[in-house]
Q: 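Have a look at this one before I ask anything.
So you know, we letter chains A, B, ... as the sequences are listed, proteins then strands, and number each from 1. All of these numbers come straight from a predicted model, not from anything done at the bench.
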2 protein chains.
Amino acid sequence: MSIFSKTCEYALRAVFYIASKTVDGSRVGIREIAKNVDSPEHFLGKILQDLSRKGIIDSAKGPNGGFFLTRQALKRPISDIVSAVDGDNIFTGCGMGLTYCSEINPCPLHHEFKKIRNRITKMLTGTTIGQFNKDLLLGKILLKKP
Amino acid sequence: MSIFSKTCEYALRAVFYIASKTVDGSRVGIREIAKNVDSPEHFLGKILQDLSRKGIIDSAKGPNGGFFLTRQALKRPISDIVSAVDGDNIFTGCGMGLTYCSEINPCPLHHEFKKIRNRITKMLTGTTIGQFNKDLLLGKILLKKP
DNA sequence: TTAATAAAAGACATTTTTGTCTTTATTTTA
DNA sequence: TAAAATAAAGACAAAAATGTCTTTTATTAA
């Protein structure tokens, strides 16, 4: 198990890639994205389609079309991507899978998990989609094997 | 997505239950366990079988048989359960699914994730299987819906 | 030594996740 | 207007996770 589903990992990598390539109105094609974040092209296509429907990224068909991000979209937190793809369980769910787990009826791990969840939430809501663009372009940071 | 697989959630709940019921050599049957941690009996059976093979819990066949824990087993960290069931990805894996992600070739989330992973590791290695027994018996803490 | 009890094991069945391939719709540009 | 480019959509396929049912094996106790 990882923290995010594979789908979500692909989504994060792809959106970071699109972000770093989004310069004044330019778009990136799915083939290029898939190649650069090392993910299956058609599967990624559906994921991005979905994110596009949900308004997290934008797309345009036809020649010079592709996926891109608006200036506002670059400022959005990556928690938007995570909850669009994986839902909110990571932010609010019980570590032991108990739907009734709460402050009043806690599971054994509740109190410790709360802290960890809060930490994760803070991290995901506190970092924006666009904030890694520079480092990505400089190669200080990677989206696939070097 | 949750942090642990469903299998692991069942495992944690079941082992906590067995722990709380383990008093001087007594054993707990799978039916009772399944009922009290709200999980499918046969499926849980296989999970516990596996944990037993791996030496995390003990079992005995025949009348008065069932699952139980030794005194040493009660002192073991719950990270043992987690890595037996879900593997070590949660402790060491990259948040974005990059196998090559490391200090030298970090993914965008690497540095922040490292902190979170360390926190999770600390929590799981720092809490023992038996440490909730009292609170479980007092009903201060739950393993299924109240 | 037989019957009862309980875990272990095996064989499937279902659901969810992940992945592929083909066709369609939209847009641009020549 | 026609051809080319590109995302969108649809229909499957494969793999993994989850769940169920049946049979076997070991143990106990009468």
Q: Distance only, no hydrogens: is a donor on one side chain within 3.5 Å (strictly under) of an acceptor on the other, for A:Asp86 and A:Ser5?
A: yes
Q: Please evaluate residues B:Ser83 and B:Phe91 with respect to the criterion side-chain contact (heavy atoms from CB on, under 4.5 Å), reporting the C-alpha separation (whole Å), side-chain torsions for both, the decisive distance (0.1 Å), and the verdict.
A: CA-CA 9 Å; B:Ser83 52; B:Phe91 303 108; 3.9 Å; yes
Q: In terms of side-chain heavy atoms, does A:Tyr17 have a donor or acceptor partner in A:Asn36 at a distance below 3.5 Å?
A: yes
Q: Using atom CG of A:Leu44 as one end and atom P of C:dT17 as the other, report the distance to the nearest whole Å.
A: 18 Å
Q: Between the protein and nucleotides 1-6 of chain C, list every N/O to N/O distance that falls short of 3.5 Å.
A:
residue: C:dA6; atom: O4'; partner: B:Gly62; partner atom: O; Å: 3.2

Q: Any side-chain N or O of A:Ser52 less than 4.0 Å from the OP1 or OP2 oxygen of D:dA8?
A: yes
Q: Nearest-Å distance, NE2 (A:His42) to P (D:dC12)?
A: 17 Å
Q: Is the phosphate of D:dA8, meaning OP1 or OP2, less than 4.0 Å from a side-chain N or O of A:Ser59?
A: yes
Q: Tell me: CG of A:Leu48 to P of D:dA7, nearest whole Å?
A: 9 Å
Q: Starting at CZ of B:Phe43 and ending at P of C:dA9, how long is that distance when rounded to a whole Å?
A: 16 Å
Q: Could you state the atom-to-atom distance from NZ of A:Lys46 to C1' of C:dT20 in whole Å?
A: 9 Å
Q: Please report the C-alpha distance between B:Met1 and A:Cys8 in whole Å, then the side-chain angles of each, then the deciding distance to 0.1 Å, and finally whether the side-chain contact (heavy atoms from CB on, under 4.5 Å) criterion is met.
A: CA-CA 10 Å; B:Met1 285 296 286; A:Cys8 189; over 6 Å; no
Q: Kindly indicate whether the side chain of B:Asp58, heavy atoms from C-beta on, has any atom under 4.5 Å from the side chain of B:Leu69.
A: no
Q: Let me know the distance between CG of B:Asp50 and C1' of D:dA17, rounded to the nearest Å.
A: 14 Å
Q: For B:Met1 and for B:Gly45, find the nucleotide of DNA chain C with the closest heavy atom, then tell me which residue's nucleotide is more 5'.
A: B:Gly45
Q: For A:Glu32 and D:dA5, give me the distance from atom CD to atom C1', rounded to whole Å.
A: 15 Å
Q: Go through the structure and list residues passing side-chain contact (heavy atoms from CB on, under 4.5 Å) with B:Pro40, not counting sequence neighbours.
A: B:Tyr10, B:Phe43
Q: Before accepting this row, confirm whether a basic side-chain N of the pair B:Asp50/B:Lys54 lies closer than 4.0 Å to the acidic partner's carboxylate O.
A: yes
Q: Separation of B:Ile47 atom CD1 from D:dT18 atom C1', in whole Å?
A: 9 Å
Q: Does the side chain of A:Leu74 come within less than 4.5 Å of A:Gln131's, by heavy atoms?
A: no
Q: What residues from residues 2-11 of chain B pass a heavy-atom cutoff of under 4.0 Å to DNA chain D?
A: B:Ser5, B:Lys6, B:Thr7, B:Tyr10
Q: Could A:Lys35 and A:Glu41 be called an ion pair, given the rule that one side-chain N must be under 4.0 Å from one carboxylate O?
A: no
Q: So, is B:Arg53 near the phosphate of C:dA9, with a side-chain N or O under 4.0 Å from OP1 or OP2?
A: yes
